[in-house]
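Just so it is clear, the values below take in all heavy atoms, side chains as well, and ignore hydrogens, waters and symmetry mates.
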Amino acid sequence: LKLLTPCTLTADGTAWQVEFELPSGIPAAKALGAPAGLANAFGVSVQQMSQVRGEREDRIKLRVSLRIPFSSKPDRGPLLDMERVNLWRPIPMGVNLRGQRIDVSWVERSGLFGGEPGSGKSGAANDLLLAAALDPTVRMYLADGKAGADITPFEQIATMYDTDGDPDRLLEILQHIWNVEIPERRALAKEHGSRKLTEAMAAVDPRVCQAVLLVDEWSSYGAAAERKTREEMERLLRLIVQQGRALGIITLAATQKPDSDSVPTGIRDILSIRWAMRCMTPEASDTILGKGYAANGHNAQRILKSQRGVGIFMSGEAAEPELSRSDYYDDDEVALLLERAYALRQEAGTLPVATVPEVTILDYLIKAASATGRGNVTRAEAFAYLATVDEAFVQAADESDVRYASRAGSALKDRIAELGVEVPAVQFPHDGKRVWGWTLEALQDV
């Protein structure tokens, strides 16, 4: 070996680093493919080693940390100290091996976050979502195919969302973006004499803003959808990624199962920013970063389970991937940030109209049946509950018992009919006699 630089301790005193030239005839891939042997020779763990190809095929840049990187508790997330964010500017996403902050510009960009369950993939994606939430001009379109709770806290500020893994709802979101958002944005750009939207335009025209589209676990949507729906969703998502980026639409895909089914290849290949959290195989790591990266030393399989939130981050096609840890915000901190985001949007008048969903009589009946704890609710109990929450039943509740049942029953029948569904009352035993009412199971099945 020929040393091209001295073997020196880094300025922060956390690692040794050196660049060397391999003997003639030995390709860099041989050294990059032997991390376990080198770690054994150095007497360190594989996770302490970071080696990447140099500027030539015969050169290697080697870094050996004095301890396993990112094994300490993460620092306080910087968004907590920011009153608001301008998403046209770079936003804080994490720190790299050298302890330097990673600030990422998402203008005209899209992203793919992947890794096995528990690797911190959702937390990393949250860094972008929380920053977008703190910019009151940004519209948010959020869809979670696994029907989890990751995006539930964002519902109050999201323009459209799906937290049930419903492919029809995702299709509705994609159709709205393609048929409404993009034409409006294209017309705005044309009005400003440009092919794209910029921060300078946003400074003088409040109609110019950015939007974030998150699709988490595409494969779950695909598995639940009919073939025509799946094909249409894929077509629309590809078009939105391709044409929306110049119009201020940032598309983000996230998956716990990095393969060709999790995010279609035609879409995955045009997502520019990648973050590969811990993966089960080198092939899964390559699915996120691109073919051949694992063989060149960028293998997310080597990340330890204890290194939650740690991944190989690549900020663009020409950028060199680097091991990094995303910023972390616990549930209380997320709630605090979203409370701040709600207030900002309320003041700016940008809260979505759909923030408060319509509550129907059926919703009230379900709540009344749930409140009894028996799995059913008598008609009298339902009437009494409805009288406390719905104006249509308040007057009836003040009448005599006989007229109350008659008038409330008539009002209930009319309100249910407005929904276009049937919710027939049934008889069941209660307090030693048979009474009329509704079962919670039947109500939830409507």
Side-chain angles (χ1 to χ4, degrees), residues 110-117 121-122 125 129 139-152 154-155 158-186 211-245 247 249-276 279-281 283-291 354 357 420-421 444-446:
S110 55
L112 173 62
F113 289 70
E116 65 176 82
K121 172 264 305 177
S122 296
L129 296 186
R139 297 170 188 166
M140 303 185 73
Y141 297 91
L142 311 175
D144 187 356
K146 64 182 183 301
D150 292 334
I151 65 172
T152 301
F154 294 85
E155 288 181 0
T159 302
M160 297 178 72
Y161 63 86
D162 171 52
T163 53
D164 298 321
D166 181 0
D168 291 330
R169 178 57 175 168
L170 173 59
L171 180 60
E172 183 182 345
I173 293 172
L174 297 177
Q175 287 173 333
H176 174 82
I177 294 174
W178 178 247
N179 296 324
V180 179
E181 276 278 357
I182 286 184
E184 287 180 354
R185 291 167 177 273
R186 191 175 286 122
V212 172
L213 166 63
L214 166 71
V215 181
D216 196 349
E217 295 304 334
W218 172 274
S219 59
S220 297
Y221 281 113
E226 296 181 357
R227 182 177 61 85
K228 288 185 177 180
T229 300
R230 183 171 60 252
E231 291 175 351
E232 180 64 3
M233 289 192 304
E234 184 173 338
R235 183 184 76 87
L236 290 174
L237 183 59
R238 182 184 297 107
L239 288 170
I240 291 169
V241 175
Q242 290 174 330
Q243 300 186 31
R245 65 185 187 88
L247 300 172
I249 299 178
I250 301 165
T251 304
L252 183 66
T255 177
Q256 292 180 347
K257 185 184 177 185
D259 58 26
S260 58
D261 294 326
S262 60
V263 180
T265 303
I267 296 172
R268 188 177 66 239
D269 290 346
I270 55 178
L271 298 173
S272 54
I273 293 176
R274 313 288 181 90
W275 204 320
C279 295
M280 295 296 291
T281 65
E283 291 75 20
S285 179
D286 273 358
T287 298
I288 304 167
L289 297 176
K291 187 176 180 180
V421 298
Q444 291 175 330
D445 286 341
V446 174

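The CG atom of L237 sits 11.5 Å away from the CH2 atom of W178 when rounded to the nearest 0.5 Å. Taking CZ of R245 as the start and CG of L271 as the end, the distance is 11.5 Å to the nearest 0.5 Å. Atom-to-atom distance recorded for I250:CD1 and M140:CE is 10.0 Å, nearest 0.5 angstrom. Of the inter-residue distances, the one linking R274 atom CZ with T287 atom OG1 reads 10.0 Å to the nearest 0.5 angstrom.
Only one option out of L252, I177, V241 pairs with L213 in a side-chain contact (heavy atoms from CB on, under 4.5 Å); it is I177. Each of N179, L174, L170 was scored for a side-chain contact (heavy atoms from CB on, under 4.5 Å) with L236, with one residue passing: L174.
Residues R169 and D162 approach most closely at CG-CB, 3.4 Å, considering heavy atoms. Here the closest non-hydrogen pair linking C279 and I288 is SG-CD1, 3.8 Å. Summarising the geometry of L171 relative to E232, their closest heavy-atom pair is CD1-CG, 3.7 Å, with the distance given to 0.1 Å. G165 and A147 make their closest contact through N-CB, 4.1 Å (heavy atoms, listed as atom of the first residue, atom of the second, distance). Closest non-hydrogen pair, L142 versus A158, comes out as CD1-CB, 4.2 Å. Annotation for M233 and P167: closest pair SD-O, 3.5 Å, computed over non-hydrogen atoms.
T265 is listed as a side-chain neighbour of R268, based on a closest heavy-atom distance under 4.5 Å. Counting heavy atoms from C-beta on, the side chains of I270 and R238 come closer than 4.5 Å. Side-chain contact check for D216 versus K121: some heavy-atom pair is nearer than 4.5 Å. Two residues are said to be in side-chain contact when any heavy atoms from C-beta on lie closer than 4.5 Å; Q243 and R186 meet this criterion. Side chains of K146 and S122 form a contact here, defined as non-hydrogen atoms less than 4.5 Å apart. At least one side-chain heavy atom of E172 sits under 4.5 Å from a side-chain heavy atom of M160. By the 4.5 Å heavy-atom criterion applied to side chains, W218 and E234 are counted as neighbours. Between F154 and L129 there is a side-chain heavy-atom pair separated by less than 4.5 Å.
For T159 (side chain) and Y141 (main-chain N/O), no donor-acceptor pair under 3.5 Å exists by modelled atom type. For the pair Y221 (side chain) and D144 (backbone), a donor-acceptor distance under 3.5 Å is present. The closest donor-acceptor contact from the side chain of S285 to the backbone of T281 lies at 3.5 Å or more, if one exists at all. The closest donor-acceptor contact from the side chain of E217 to the backbone of Q256 lies under 3.5 Å. Looking at D166, its side chain does come within 3.5 Å of a backbone N or O of D168 through a donor-acceptor pair. Between the side chain of R185 and the main chain of L247, a donor-acceptor pair closer than 3.5 Å is present.
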For this session: Could you walk me through whether V212 and R139 pass the side-chain contact (heavy atoms from CB on, under 4.5 Å) test, one step at a time?
Result: CA-CA 6 Å; V212 172; R139 297 170 188 166; over 6 Å; no

Exercise. Does the pair W275 and L112 meet the rule for a side-chain contact (heavy atoms from CB on, under 4.5 Å), with working shown?
Worked result: CA-CA 6 Å; W275 204 320; L112 173 62; over 6 Å; no

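Salt-bridge check for R230 with E226: failed, with every basic side-chain N at 4.0 Å or more from each acidic carboxylate O.
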